[in-house]
A.B. asks: 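Just dropping this structure here.
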Amino acid sequence: MRSIGMALLTLAVASCAGGPPQPVAIDLVNDVCAHCRMVISTQKTAAQLLAPGEEPKLFDDLGCLRSFLETAPAPEGSAVFVADHLTGDWVRLEDAVITEVPGLQTPMGSGLVAHRTTADRDRDPASRGGRPFDKAILLSGGRP
Amino acid sequence: MSVPRIALATLLAATLLPVPADAQVGDDAQPPSTGALEGRPEPGRTSPLQSLVDAAAPGDRIVVPAGTYEGDLLIDKAISLVGDGRPVLRGSGTGSVVRIRAAGATIEGFDIDGRRGGDLGRDTSGVHVAAPRATIRDCRIRDALFGIYLRESDDAVLEGNTIVGIPDRPPGEVGSGIHIWNSQRYRVTGNQIVGTRDGMYIQSSSHGVIRGNRARDLRYGLHYMFSDDNLFEDNSFETGAAGAALMYSERITFRRNRFLRNRGFASVGLLLKECDDLVAEDNLMADNARGIFLEGSHRNSFRRNIVAMSDIAVVIYDSSRTNVFEDNAFVGNLSPLSLVGRRTDTRFAGNYWSDHGEPDLDGDGIAERPYRLSNVFDHLRGNLTAADLFAQGMAARALGAAERAFPVLDAVPVLDERPLARMPRLADVPDVTPAPEPAAEARTTSLWPAVMVMAGAFVLIAGGRSPLGRRAGAQGGAA
Amino acid sequence: MMGLIWLCARHELLLAARSRWLQWFAVIFAGLALLVAGSGYVLSGGYGLQDFARTAVSLVQLVLLIVPLAALVFGSLTLSPDRGAAELLYAQPVPRWAILAGRVIGLFLALAAAELLGFGVAGLAVQYYSGPSGASQFLAVVALSLALTAVFLAIAAALASGEPGRRARALAMSLVVWFVAVILFDLAALGVASMLRSGAASRVLMTAALVNPVDAGRTGAYMAIEGTSAFGAASLALLRFAGGERAVAALVTASLLLWTIVPAWVAARRLGRTDL
Amino acid sequence: MIRYDRFTKAYGAHTAVDGLSVDIPAGSVVALLGPNGSGKTTSIKAAAGLVRPTSGDVRLGAERRPATEAEARRLCSFLPQRVSFPDALTGREVVEFYRRMRGVPGDATDRVMKFASLNGAGNRAVGTYSGGMTQRLGLAVAMLPDAEILLLDEPTAALDPDGLCAFYGLVEARRRSGRTVFFSSHQLGDVERLADLIVILIEGRLAATLTSSELAAKLADRGVMRVRMGQRVTALLERVREIAPGARWIGDDLMVPGPTAVRLGALDAIRAAGGAIEGLSAEEGRLDEFYRSIVGGAR
């Protein structure tokens with residue numbers, strides 16, 4: 001709890017100072033997906049949107065991030081972090097590899113997973129049978 | 001995360017090796033759409049009853065005498081397995097205790113012990129069903145990751161079972177009490193579920209009847225998505241950390257259910273996310289953090305419910321359309337409405353609001369002035385979570401009062417045009433059955449008020465008596 | 001020295017216990033507490049949901065409103081030095097701060113006793129209606145009440161420890177302080193927050209909820225009564241902001257302590273420099 | 001015992017006491033005399049530690065402690081000008097509170113109550129007391145400790161005859177036991193009757209320090225002898241004016257201002273001139289005139 005608080009305090013300070021936004025840790029008992037309202041029960045498919053000056057928005061599924069951005073596009077200067085499906089570590093969306101795995105059961109059923117590198121993706125049995133997914137589509141909420 | 005599970009499960013189904021830790025995915029427990037099922041348990045882990053089952057013919061009724069039977073059991077025939085004197089099925093602790101794989105099987109009257117074993121990735125359950133027309137009746141299941149798991153099992157009947165979760169395990173490491181996935185036309189009646197992750201998890205399963213069940217002391221009492229045309233009657237969802245949540249579903253009916261004491265950070269008595277055409281009648285939603293929550297949900301109808309003692313009675317996102325609240329009683333809620341967004345077309349009519357306090361001069365049972373649900377503060381808190389910290393402050397009340405005096409402050413008010421003046425008699429709404437209090441605590445606490453009265457009175461009375469010198473009569477002695 | 005401070009406290013308690021002011025406060029407070037407890041029961045519609053915890057929440061509102069007011073008014077009226085009495089008192093060979101400390105302690109004891117009486121009466125009523133339960137929640141309200149009494153007595157002492165013969169002024173200032181602490185501060189915080197983006201707004205509100213003693217008291221009391229989820233998702237945000245449940249408790253305690261110690265120190269310092 | 005050293009107290013722009021330097025010797029009874037607003041109360045309160053000097057200082061006792069120290073206040077017992085007490089307490093409770101505050105033995109309460117003639121009223125609430133009784137109660141509190149220094153601000157202003165009696169008794173008792181009494185007054189009678197030394201404060205400044213007899217003489221100097229004559233004798237005035245230049249007729253009375261020697265000379269002159277004296281009266285000098293003359297002389 002304390003470390004979460006510290007992380008948030010750091011975030012607060014950082015966002016005041018205008019530094020690069022840092023991802024917040026998810027409380028797996030209490031945090032709720034900003035789109036589907038469900039308690040986030042695993043970090044491995046989670047994502048977060050850090051808009052400048054705004055509270056961080058957490059998602060339990062990359063699909064929820066996509067759906068959220070569909071209705072409310074990310075403001076200028078936002079940062080999106082996605083969790084590495086193998087480790088749960090936070091990766092900037094720009095640096096991540098997104099894979100769509102048909103039939104893979106993610107919390108909301110999008111079948112989307114993220115990895116830090118293509119090597120990690122290939123190491124992850126979950127991404128077997130998946131195909132690369134365009135990050136731009138994720139950000140634009142699926143609109144062309 | 002499910003694919004490693006599936007892949008490994010496929011592997012493991014054959015070998016039954018212990019599952020590596022990284023495959024134990026603490027996710028929302030979506031079952032695999034395809035893939036491995038636990039089959040026949042390996043020899044050292046098989047229940048002695050297995051031979052009985054193997055020897056039976058479809059349609060047989062096998063009566064099992066009292067006793068403890070260690071090991072797991074595969075039911076692959078349409079038989080009835082009936083316990084006489086509550087025999088105990090004590091699982092191997094590595095997989096599901098009872099695995100029903102044949103249509104029309106029945107299991108009844110057992111105590112089932114999951115021994116805290118197995119793993120979520122393989123959906124380890126007390127009773128795992130992957131076949132149509134299963135009946136599970138009067139079983140007591142404890143220490144299993146999932147209580148009863150229906151996987152693509154249509155027309156199941158779950159009746160009078162008791163499921164007790166694994167104590168002291170975080171929600172991420174246990175499964176649901178009753179997990180229903182891709183199974184149609186089920187009947188779930190009279191079950192008791194305590195201390196699991198979610199009481200009932202229902203996904204992609206329609207046309208079911210859920211009646212007279214009670215789920216308490218867990219995360220979601222009801223966790224529900226992509227399931228239409230289900231009927232919920234006389235159930236109780238209590239003391240959940242998150243309450244009851246329904247998503248992406250249509251035409252659900254709730255009658256005479258209780259949603260009680262769901263008080264976690266994100267708790268809602270009944271949460272609807274993109275649910276349409278739901279009907280909720282004669283339910284009691286009391287002592288929840290938030291009573292009813294509507295987001296992106298349309299044409300839902302709430303009638304004759306009691307929404308009581310919530311911090312916020314109703315939360316409405318302006319993405320919800322044409323919902324109706326009629327003839328409900330809103331009693332003792334700290335705040336009637338939190339509106340997220342600018343405006344709502346939700347219709348409130350003929351409800352009772354205990355904090356209205358407007359008289360009924362002509363005696364028609366309708367208060368003379370409309371009830372105003374929204375105010376500036378509610379707009380603020382709707383769009384800024386931290387404002388909740390001030391919801392009980394004087395400032396919030398002052399804003400509310402100012403708004404009643406100067407309605408111009410709230411340009412788009414939410415009104416109940418004809419609020420009831422008196423609490424309606426809602427005979428079909430169930431009563432609260434209060435959770436039993438530990439007697440010892442009750443006895444000790446009952447002294448406190450008396451102690452306080454005495455302490456206060458003592459200080460005031462003794463303090464008012466003079467410690468400073470004697471009063472009349474004593475001075476003669478001194479002189 | 002302790003003996004002399006206690007003597008002053010005892011003296012002040014004697015005066016307070018005999019003052020109509022305090023007697024009325026005790027009666028009114030008990031009446032209101034009873035009303036809150038009773039109306040809570042009525043509000044619950046007889047559904048039996050009105051237990052100690054719920055009453056405690058309603059009582060918190062009463063406490064937040066009444067207790068600061070009583071402490072401020074009673075404190076500033078009593079502690080303002082008047083000519084004649086204060087001259088004689090502070091001419092005694094005891095440091096002024098010690099005399100003031102004793103007086104504040106005496107007033108605190110008197111107010112605390114009156115509050116305890118009120119809570120006790122309300123508690124008895126709740127017990128009568130809905131049976132015993134929730135002692136810890138009830139004690140949390142009592143603790144809140146006592147803490148606010150201390151805080152606002154200290155503030156009253158600071159306001160009143162000016163020149164003699166300014167009693168009306170001290171009273172007026174204490175009413176202003178009350179209004180600010182109970183309403184204006186929150187209004188300002190909400191107003192500022194409504195103009196900021198959500199991140200900054202949250203920080204403003206959460207800071208405000210810990211800085212103002214009334215808000216800190218409310219935050220702490222609700223969390224003690226209803227658990228960490230007392231403010232729903234806002235609680236979670238607050239717990240994160242502060243760094244956990246203990247941290248919130250520590251910050252609330254620190255806020256209330258600072259609001260007691262600093263004004264008390266100011267009061268002692270002002271009184272020490274005043275010509276009586 | 002009390003030493004004012006260039007004691008100055010300013011309240012904003014108004015200087016109440018300006019550079020007062022005076023030494024109140026141990027074992028003496030000293031009166032502080034002066035018109036209203038001359039800084040008497042401020043000076044006494046400074047000795048009681050209630051008023052902090054703007055500059056200079058006030059020190060008490062052999063150790064010369066600053067009067068604002070709590071320890072210094074142990075040396076003195078102070079009675080403010082218009083003392084008041086909480087209405088809800090009884091007289092006895094008030095005395096008892098201060099008795100404990102000063103650590104005086106328990107039997108003192110009865111003693112001082114009796115001394116202040118409050119025995120009968122001791123168990124009545126102070127709120128029922130008359131002004132004189134309240135002042136007597138203050139006197140009782142002031143005499144509780146056998147302090148080195150008794151500081152009294154206008155003690156006789158509100159006293160009834162019982163109280164005056166007690167007050168005189170108290171001062172005499174303290175004089176006998178070698179204590180220092182420092183009190184302010186604007187009543188000449190008290191001053192002449194009690195004080196060994198009179199400190200005169202005018203407009204915040206020390207105007208004069210006099211002994212009791214010096215004061216009497218000064219006042220007499222400011223006096224006037226009225227000689228009632230049967231008729232005006234024109235030549236008489238000339239003769240008298242040679243001795244007392246201020247002499248003048250008022251009706252048939254000859255007014256002769258001046259000190260005693262002058263007056264005696266004037267009488268001789270009248271007799272020598274054959275004037276028939278029908279009556280003789282003397283008027284003491286008025287205090288305000290006296291103050292004025294001191295200020296005039298000081299300037």
Side-chain angles (χ1 to χ4, degrees), chain C residues 1-24 77-103 106-107 110 161-167 268-276, chain D residues 9-12 16 41-42 44-54 60 65 67-90 93-94 96-103 125-127 134-135 137-138 141-142 144-145 147 149 151 153 158:
Chain C
M1 181 62 75
M2 290 316 289
L4 288 171
I5 293 177
W6 173 244
L7 177 64
C8 291
R10 191 66 192 76
H11 181 244
E12 207 62 42
L13 174 60
L14 181 64
L15 291 180
R18 289 186 190 171
S19 98
R20 290 265 170 269
W21 244 104
L22 188 90
Q23 290 162 4
W24 273 115
L77 285 181
T78 311
L79 297 172
S80 289
D82 54 347
R83 302 201 184 278
E87 286 167 355
L88 185 59
L89 187 59
Y90 289 106
Q92 303 306 314
V94 179
R96 288 184 186 179
W97 66 262
I99 295 177
L100 180 69
R103 302 188 70 188
L107 284 179
S161 293
E163 284 172 50
R166 296 280 186 89
R167 180 177 295 200
R269 201 173 152 82
R270 275 192 83 189
L271 187 66
R273 295 177 160 198
T274 298
D275 296 316
L276 292 166
Chain D
K9 182 67 198 179
Y11 296 102
T41 294
T42 302
I44 295 248
K45 280 189 181 176
L50 293 170
V51 164
R52 297 157 61 98
T54 308
L60 304 184
R65 286 177 181 279
T68 45
E69 283 181 12
E71 206 49 40
R73 291 201 291 277
R74 204 172 289 287
L75 295 173
C76 42
S77 181
F78 168 68
L79 177 62
Q81 186 169 6
R82 273 186 301 274
V83 72
S84 65
F85 299 101
D87 286 351
L89 296 190
T90 67
E93 283 166 346
V94 167
E96 190 65 13
F97 170 64
Y98 284 104
R99 180 188 72 71
R100 293 190 187 188
M101 199 95 159
R102 297 303 294 246
V126 174
T134 306
Q135 195 71 14
L137 183 58
V141 170
L144 264 174
I149 303 165
L151 290 170
D153 191 7

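Every chain is numbered from 1 and lettered A, B, ... according to where its sequence line falls, protein lines coming before strand lines.
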A.B. asks: Decide yes or no on side-chain contact (heavy atoms from CB on, under 4.5 Å) for Glu93(D) and Val126(D), but give the supporting numbers first.
C.D. replies: CA-CA 9 Å; Glu93(D) 283 166 346; Val126(D) 174; over 6 Å; no
A.B. asks: To the nearest 0.5 Å, tell me how far Thr54(D) OG1 sits from Tyr11(D) OH.
C.D. replies: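 Here the interatomic distance stands at 8.0 Å.
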A.B. asks: When heavy-atom pairs shorter than 4.5 Å are enumerated against chain C, which of Gly103(D), Pro86(D), Ala48(D) gives the highest number?
C.D. replies: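 Highest number of heavy-atom pairs under 4.5 Å: Pro86(D).
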A.B. asks: How long is the gap from CD on Gln92(C) to SG on Cys76(D), to the nearest 0.5 Å?
C.D. replies: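 It comes to 9.5 Å.
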A.B. asks: In terms of heavy-atom pairs under 4.5 Å, which option from Arg82(D), Lys9(D), Arg74(D), Met101(D) contacts chain C the most?
C.D. replies: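 Ranked by contacts with chain C, first place is Met101(D).
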A.B. asks: Which one wins on heavy-atom pair count under 4.5 Å against chain D: Asp275(C), Leu15(C), Val94(C), Asp82(C)?
C.D. replies: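 Ranked by contacts with chain D, first place is Asp275(C).
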A.B. asks: Does the plane of the ring in Phe85(D) sit parallel, tilted or perpendicular to the ring in Tyr98(D)? Use 30° and 60° as the thresholds.
C.D. replies: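 Ring orientation, 0 to 90° scale: perpendicular.
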A.B. asks: Can you say whether Ile99(C) sits under 4.5 Å from chain D via the side chain, the backbone, both, or neither, judging by heavy atoms?
C.D. replies: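 Only the side chain of Ile99(C) comes within 4.5 Å of chain D.
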A.B. asks: Which heavy atom in Ala86(C) sits nearest to a heavy atom in Pro81(C), and how many Å separate them?
C.D. replies: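 Result for this residue pair: CB-CB, 3.7 Å.
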A.B. asks: Tell me, side chain or backbone of Leu4(C) under 4.5 Å from chain D's heavy atoms, or both, or neither?
C.D. replies: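 Just its side chain gets close to chain D.
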A.B. asks: Report which part of Thr274(C) has an atom under 4.5 Å of a heavy atom belonging to chain D: side chain, backbone, both, or neither.
C.D. replies: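 Contact with chain D is through the backbone of Thr274(C) alone.
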